[in-house]
Amino acid sequence: QVQLVESGGGLVQAGGSLRLSCAGSGRTFSGYIIAWFRQAPGKEREFVASISWSGVNAYYEDSVKGRFTISRDNAKNTVYLQMDSLKPEDTAVFYCAASIKYSSREDGYEYWGPGTQVTVSS
């Protein structure tokens, strides 16, 4: 079992940057695929990015490719989401999630953090 906690959200102007962190507990953290999802007001939760246990393989939703970068430091049990060139449409609650198998579907992940709010002003 793994517990996840996100941090790093906040208010930023369009074009700015934020780095989100997902801190995990448990000695098996490095064995999990970690993904970021987001949920905007009135919308369903959507996949943003994921990273393999080794950090070698990363996948991104089309609208964030070239702007967001996912990375991980297994020694620190932490996964990061560097978000650059932020747009107002990126405003959402961002969640990290863990799974032993790759998926871009919300129901593919067993463990979730409580989320962190990201607000991008125009």
Side-chain angles (χ1 to χ4, degrees):
Q1 188 172 0
V2 61
Q3 294 182 323
L4 305 171
V5 178
E6 305 91 341
S7 62
L11 174 64
V12 64
Q13 289 188 332
S17 298
L18 281 176
R19 189 177 79 157
L20 305 183
S21 297
C22 172
S25 64
R27 293 179 294 176
T28 59
F29 179 83
S30 62
Y32 285 90
I33 292 166
I34 303 296
W36 287 95
F37 287 77
R38 65 184 177 185
Q39 187 168 21
K43 295 187 177 181
E44 294 186 349
R45 200 177 308 191
E46 65 173 1
F47 173 82
V48 175
S50 65
I51 190 165
S52 61
W53 65 269
S54 65
V56 171
N57 297 307
Y59 303 92
Y60 298 91
E61 191 270 329
D62 285 346
S63 69
V64 308
K65 285 180 180 177
R67 300 190 299 123
F68 291 9
T69 304
I70 190 170
S71 62
R72 70 189 297 163
D73 185 341
N74 286 334
K76 295 182 178 180
N77 278 6
T78 302
V79 170
Y80 305 97
L81 185 67
Q82 177 66 41
M83 305 187 296
D84 299 317
S85 303
L86 282 161
K87 305 175 181 180
E89 51 264 44
D90 293 317
T91 295
V93 177
F94 281 71
Y95 302 87
C96 63
S99 175
I100 58 174
K101 296 186 293 185
Y102 169 74
S103 176
S104 62
R105 292 171 54 90
E106 183 178 352
D107 59 7
Y109 289 81
E110 302 98 303
Y111 305 106
W112 291 82
T116 185
Q117 176 70 48
V118 171
T119 303
V120 184
S121 63
S122 57

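As a basis for the values below, the full set of heavy atoms in this structure was taken, side chains included, without hydrogen atoms, waters or symmetry mates. Numbers here are sequence positions counted from 1.
The distance from atom SG of C22 to atom CG of L4, rounded to the nearest 0.5 Å, is 4.5 Å. If you take CG on D84 and OG1 on T69, they are separated by 6.5 Å, rounding to the nearest 0.5 Å. Remark: C96 SG to E6 CD distance equals 4.0 Å, nearest 0.5 Å. Atom OG of S122 and atom CD of Q13 lie 9.5 Å apart (nearest 0.5 Å). Atom OG of residue S71 and atom CD1 of residue I34 lie 12.0 Å apart, to the nearest 0.5 angstrom.
A donor-acceptor pair shorter than 3.5 Å can be found between the side chains of E110 and S99.
Linking Ile, Leu, Val, Met, Phe, Trp and Tyr whenever their side-chain heavy atoms come within less than 4.5 Å puts L18 and V79 in one cluster. Residues Y102 and Y95 share a hydrophobic cluster, clusters being chains of Ile/Leu/Val/Met/Phe/Trp/Tyr side chains in contact below 4.5 Å. Residues V2 and F94 fall within the same hydrophobic cluster, defined by Ile, Leu, Val, Met, Phe, Trp and Tyr side chains chained together at heavy-atom separations under 4.5 Å. Placement of Y80 and M83 in two distinct hydrophobic clusters is found when ILVMFWY residues are connected by side-chain heavy-atom separations under 4.5 Å, directly or transitively.
By the 30° and 60° cut-offs, the orientation of the rings of F37 relative to W112 is tilted.
Smallest separation of non-hydrogen atoms from W53 and S30: CB-O, 3.0 Å. Between I70 and A58, the shortest heavy-atom distance links the atoms CG2-CB, 3.7 Å. Minimum interatomic distance between G9 and V118 (heavy atoms only, all atoms of both residues): CA-CG2, 4.1 Å. Closest non-hydrogen pair, V120 versus T91, comes out as N-OG1, 2.9 Å. Contact between I33 and S50 at its shortest, heavy atoms only, is CG2-CB, 4.5 Å. The shortest heavy-atom contact between Q82 and S17 is NE2-CB, 3.9 Å.
Aromatic pair F47/Y59: centroids not less than 6.0 angstrom apart.
Residue pairs meeting the salt bridge (Lys or Arg N to Asp or Glu O under 4.0 Å) criterion with at least one partner in residues 29-38, sequence neighbours excluded, are R38-E46, R38-D90.
Two residues are said to be in side-chain contact when any heavy atoms from C-beta on lie closer than 4.5 Å; I51 and W36 fail this criterion. Side-chain contact between E106 and E44 is absent, with no heavy atoms from C-beta onward closer than 4.5 Å.
For T119, the side chain to side chain donor-acceptor pair (under 3.5 Å) partners at least two apart in sequence or on another chain are Q117.
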